[in-house]
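Encoded as structure tokens, the structure appears first; notes follow it.
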Amino acid sequence: MSNNVVEWEVYWHPMVELAGKVDFLIDSCKVGFPKPDPEIFRLAARTADIAPGQCVLVDDLAVNCEAAKAEGCRAAHFRDDRQALRELVVHHRQQEPTQVRATTPQHVAI
């Protein structure tokens with residue numbers, strides 16, 4: 001999930017591809033609503049075919065994390081690698097014993 005503009009696509013898509021397998025990408029400039037619009041989080045869950053509570057957003061803006069949480073998603077406000085990884089481990093441990101999936105590199109939203 002990204003709030004980029006079409007003109008930047010040629011630059012940042014290769015970075016996502018380098019991060020590993022990505023099942024899908026939700027690009028706000030193509031779907032018509034950016035983070036923190038609640039609809040983008042609903043779209044992510046529908047596209048992944050999972051419940052919002054199984055989605056995890058990692059974002060550098062607190063407002064986007066709060067919006068994701070308001071839609072039932074889990075969120076980690078990225079400040080540095082160690083802190084984000086700690087929060088993701090906590091989210092994973094809290095996850096019900098069902099299939100765990102989220103949204104961009106390997107389903108984690110950026």
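Quick note: residue numbers are just sequence positions, from 1.
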Do I40 and M1 come close enough that some side-chain heavy atom pair is under 4.5 Å? yes
Could you tell me whether the side chain of H77 and the main chain of D60 form a donor-acceptor pair under 3.5 Å? yes
Approximate separation, where rounding is to 0.5 Å, of D59 CG and E66 CD: 11.0 Å
Would you check, one step at a time, whether the test side-chain contact (heavy atoms from CB on, under 4.5 Å) holds for L57 with C73? CA-CA 7 Å; L57 174 73; C73 302; 5.6 Å; no
Atom pair NZ (K35) and OG (S28), whose distance is rounded to the nearest 0.5 Å: 7.5 Å
Looking only at atom types and distance, does a side-chain atom of Q83 sit under 3.5 Å from a main-chain N or O of R79, one as donor and one as acceptor? yes
According to side-chain hydrogen bond (donor to acceptor under 3.5 Å, both in side chains), who are the partners of N4, at least two apart in sequence or on a separate chain? S2
Between E71 (side chain) and A68 (backbone), is there a donor-acceptor pair under 3.5 Å? no
Closest non-hydrogen contact found for A51 with A45 is C-CB, 4.4 Å
Any chain of hydrophobic side-chain contacts (each under 4.5 Å) joining V58 to V63? no
I'd like to know whether D27 forms a side-chain contact (heavy atoms from CB on, under 4.5 Å) with E9, so could you lay out the CA-CA distance, the side-chain angles of the two residues, the decisive distance to 0.1 Å, and finally the verdict. CA-CA 9 Å; D27 198 341; E9 190 172 45; 4.0 Å; yes
Please walk me through it: do L61 and F78 pass side-chain contact (heavy atoms from CB on, under 4.5 Å)? CA-CA 8 Å; L61 297 177; F78 181 87; over 6 Å; no
Would you please name every residue forming a salt bridge (Lys or Arg N to Asp or Glu O under 4.0 Å) with E39, sequence neighbours left out? R42, R46
Any residue meeting side-chain hydrogen bond (donor to acceptor under 3.5 Å, both in side chains) with K69, in chain and number order, not counting sequence neighbours: none
Got a second to check how far N3's CG is from F33's CZ, nearest 0.5 Å? 11.5 Å
